[in-house]
There are 2 protein chains.
Amino acid sequence: MKPTIRDVARMAEVSISTVSRVMNAPETVVPSKRNRVIEAIKELKYQPNAFARGLIYKKSNTLGLLIPDIENLYFAGVIRGMQDACIKLGYSLMICNTDRDMERTLSYIDTFHEKQVDGIVFASDMLYPEYYEKLTGFRIPFVLVSSHSDEYEVPSVEVDDELAAYDAVKFLIELGHKEIGMIGFNHDNSVSGPPRAAGFVRALTEFGLERNTGRIKYANHRFEHAYQAAHELFSEYPELSAVFCVADEFAMGTISYLKDRNILVPGQVSVIGFDNLRMSGMFIPKLTTIAQPIYQLGYRAAEKLHELLTTGNVAVMKEQMEHKLIVRESSREK
Amino acid sequence: MKPTIRDVARMAEVSISTVSRVMNAPETVVPSKRNRVIEAIKELKYQPNAFARGLIYKKSNTLGLLIPDIENLYFAGVIRGMQDACIKLGYSLMICNTDRDMERTLSYIDTFHEKQVDGIVFASDMLYPEYYEKLTGFRIPFVLVSSHSDEYEVPSVEVDDELAAYDAVKFLIELGHKEIGMIGFNHDNSVSGPPRAAGFVRALTEFGLERNTGRIKYANHRFEHAYQAAHELFSEYPELSAVFCVADEFAMGTISYLKDRNILVPGQVSVIGFDNLRMSGMFIPKLTTIAQPIYQLGYRAAEKLHELLTTGNVAVMKEQMEHKLIVRESSREK
DNA sequence: TCCTTTTTAGAAAAGCTTTTCAAAGCGATT
DNA sequence: AATCGCTTTGAAAAGCTTTTCTAAAAAGGA
């Protein structure tokens, strides 16, 4: 049986109140007893029961994290950042992989509520009304990471997707490319899809390359879909000399396709990605990409949630972090 | 304030016992009242308090998972499998990233104990005596995944590392390669390191290629280290025509190095990896590798832990799952 | 109609900790 | 020596749910 505070009290020959005090306000108990208690705790390997504490404090010191796809390296980075922040702030972390499935997500929210997580970080997926209603119905505080909400007032941390995409495409244009395509996220279930497409269009327009704005194919988060999308893109526009991919995984898919077609990257076609995954520097060729501060995004999201939890509010509702262009080997001057 | 069972009782005009019964043994309460209670629960969005329940049942229905490195795709797959199993079995999952840091690992075990997880899956890292002592001292049941223990009697699920490595090297030999090197895990903090090296040696010996057995360099889990190790390996043995890498990430590092040296893979050198990560099929060239059933390993580990928790024992202590050779593009006949 | 059995419902205890409140102990001051 | 004030300690309540035990009500039988 797990030892309880009673067992410690009995062994140290004091009352349970004294034991509790030794743990929570040691200076209020005389050293002789205090030491006896400490001894007993060590001896019994006593650890207070989190259920009993939770009942009193009405807090679990646990945060929930909802992730669409844990096999996506992007989220692995977010998790790491968030977990480090949690250690600093004294939270445990409960991670759930939703697979972008609504039913599953809803059920995880139920679980989080039942387990009394103090708050939730909701990553990257669309904040559907169903989620919002449930979360607010349960009065669970939450923040969005790599996402935001136009409809609701929800704190969020992300990158400026429109500007980042603009920078990527501008880079391609300044390299001398005039025939540029894009592999984007499907708009209907993606929050970063539309702004990245907007950045693509804005850059083209500003530089008088409007004729490219329709050269977009969409893919569904994974390599294979991007491979397929690249196939469609190049079948339709074989003249392309550069492609903007809204995710590094898409860039890899695109390059794979090009490789299978014996088209050289960056010799014949330049490809720029987005995210700067850990893998991106390992790929052959190493990916030119827009780096997101992935780790920091996760770290900051946890801090923001903590702020919300402790002060009941956040200083700035929609927060944006800096992106950065990283030039490696998958792009070249035209 | 979160509604409690009292609030429901008041609204439905019954006692709290009745409310509890509606949730746990509905057939024992008369339909008229039962419906009133159900109504009230819905109306108030009531959910029972997990702390209070935990106090009674002495169970959290939560499993802990200790992972060395969440940014390693291998573990992402394990997590997914484990989480799916957890859903099936009715557990929540608490994931902690140890970074292979002993202090951190120990502190996570404390947290798990305090949070009263029902059991722990310990992934891939060495089961140091410190861990074992702590875990057994707390009486927390646990199983090992992608790992095992020679010293202690601990249930485990993994692949037959020695045989898998043997199969990989045998494949290389049957391709006609006679000058073979290996990039392995450092032995001092790795459980799969030694058996994989043993498999390498056994295959060479069986085919009369003993002269190769010393051609091993070690790396430390990550791409960059493998790149460096490949550098050392080829500086010392430039005659090598094939390399066995004990991880796909090592294979990528090795291929990157060879690429930088303008050595063609598989044209001049064949490389075989280990794991079959999701990325391995995206790499250029696509990796020939020994596939581990990663998802199933995680799934099975959770099932095994469940078995341990419910029956107090486990049918087979050390379980091995099947590996499989997957031939893709990074290997070629000599 | 009365008694026995079964069904249904409520009161109270238990699970473990923290915290409040009251009491006891002690030293110091007059 | 008596009182005051501070420190230290223990008893008890509270937090929320489940479960046991008891009582009341309903149903069934004679």
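Chain identifiers are assigned alphabetically (A, B, ...) following the order of the sequence lines, protein sequences preceding nucleic acid strands; residue numbering begins at 1 within each chain. Given the structure is predicted, the values throughout are model-derived calculations rather than measurements.
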**Message:** Between A:Ile5 and B:Lys33, which residue's closest nucleotide on DNA chain C lies nearer the 5′ terminus?
**Reply:** B:Lys33
**Message:** Once hydrogens and angles are ignored, does a donor-acceptor distance under 3.5 Å link the base of C:dG15 to the side chain of A:Arg6?
**Reply:** no
**Message:** Five pairs per end, C1' atoms only: what is the angle between the end axes of the helix from C:dT1-D:dA30 to C:dT30-D:dA1, to 10 degrees?
**Reply:** 60°
**Basic-acidic side-chain contact under 4.0 Å: B:Arg80, A:Asp69** = no
**Request:** Establish whether the base of D:dA11 is bridged to the side chain of A:Ser17 by a donor-acceptor pair shorter than 3.5 Å.
**Result:** yes
**Item:** From C:dG10, D:dT8, D:dG10, nucleotide with atom closest to A:Val30 side chain
**Value:** D:dT8
**Prompt:** Using a cut-off of 4.0 Å on non-hydrogen atoms, how would the nucleic acid contact of B:Val19 be classed: base, sugar-phosphate, or nothing?
**Reply:** nothing
**Prompt:** Ring centres of A:Phe122 and A:Phe142 under 6.0 Å apart?
**Reply:** no
**Asked** If you check the A:Met23 side chain, which of C:dT17, C:dT18, D:dC16 turns out closest?
**Response** C:dT18
**Request:** Return yes when atom CD of B:Glu13 has more than 12 non-hydrogen atoms of other residues, nucleotides or ligands closer than 6.0 Å, and no otherwise.
**Result:** no
**Prompt:** Is it the case that more than 12 heavy atoms not belonging to B:Glu130 sit under 6.0 Å from its CD atom?
**Reply:** yes
**Prompt:** Hey, mind stepping through B:Lys45 and A:Asp110 against salt bridge (charged side-chain N to carboxylate O under 4.0 Å, His left out) and telling me if it holds?
**Reply:** CA-CA 10 Å; B:Lys45 293 183 206 291; A:Asp110 280 335; over 6 Å; no
**Message:** Both B:Tyr46 and A:Val14 contact DNA chain D. Which one's nearest nucleotide lies toward the 5' end?
**Reply:** A:Val14
**Nucleotide nearest A:Thr4 (side chain, heavy atoms from C-beta), chosen from C:dT17, D:dT9, D:dT17** = C:dT17
**Message:** Ignoring hydrogens, what is the shortest heavy-atom contact between A:Glu71 and B:Arg278? Give both atom names and the distance.
**Reply:** O-NH2, 3.0 Å
**Message:** Would you say the ring centers of A:Tyr152 and A:Tyr132 fall short of 6.0 Å from each other?
**Reply:** yes
**Asked** When all nucleic acid strands are considered with a 4.0 Å heavy-atom cut-off, which category describes B:Ser20: base, sugar-phosphate, or nothing?
**Response** base
**Asked** Any salt bridge between A:Glu303 and A:Lys88, counting N to O under 4.0 Å?
**Response** yes
**Item:** Closest listed nucleotide, where the reference is the side chain of B:Asn49 and the choices are C:dA9, D:dT17, C:dT18
**Value:** D:dT17
**Request:** Kindly point out which of C:dT17, D:dG10, C:dG10 is positioned nearest to the side chain of A:Thr18?
**Result:** D:dG10
**Message:** What residues from residues 52-61 of chain A pass a heavy-atom cutoff of under 4.0 Å to DNA chain C?
**Reply:** A:Ala52, A:Arg53, A:Ile56, A:Tyr57
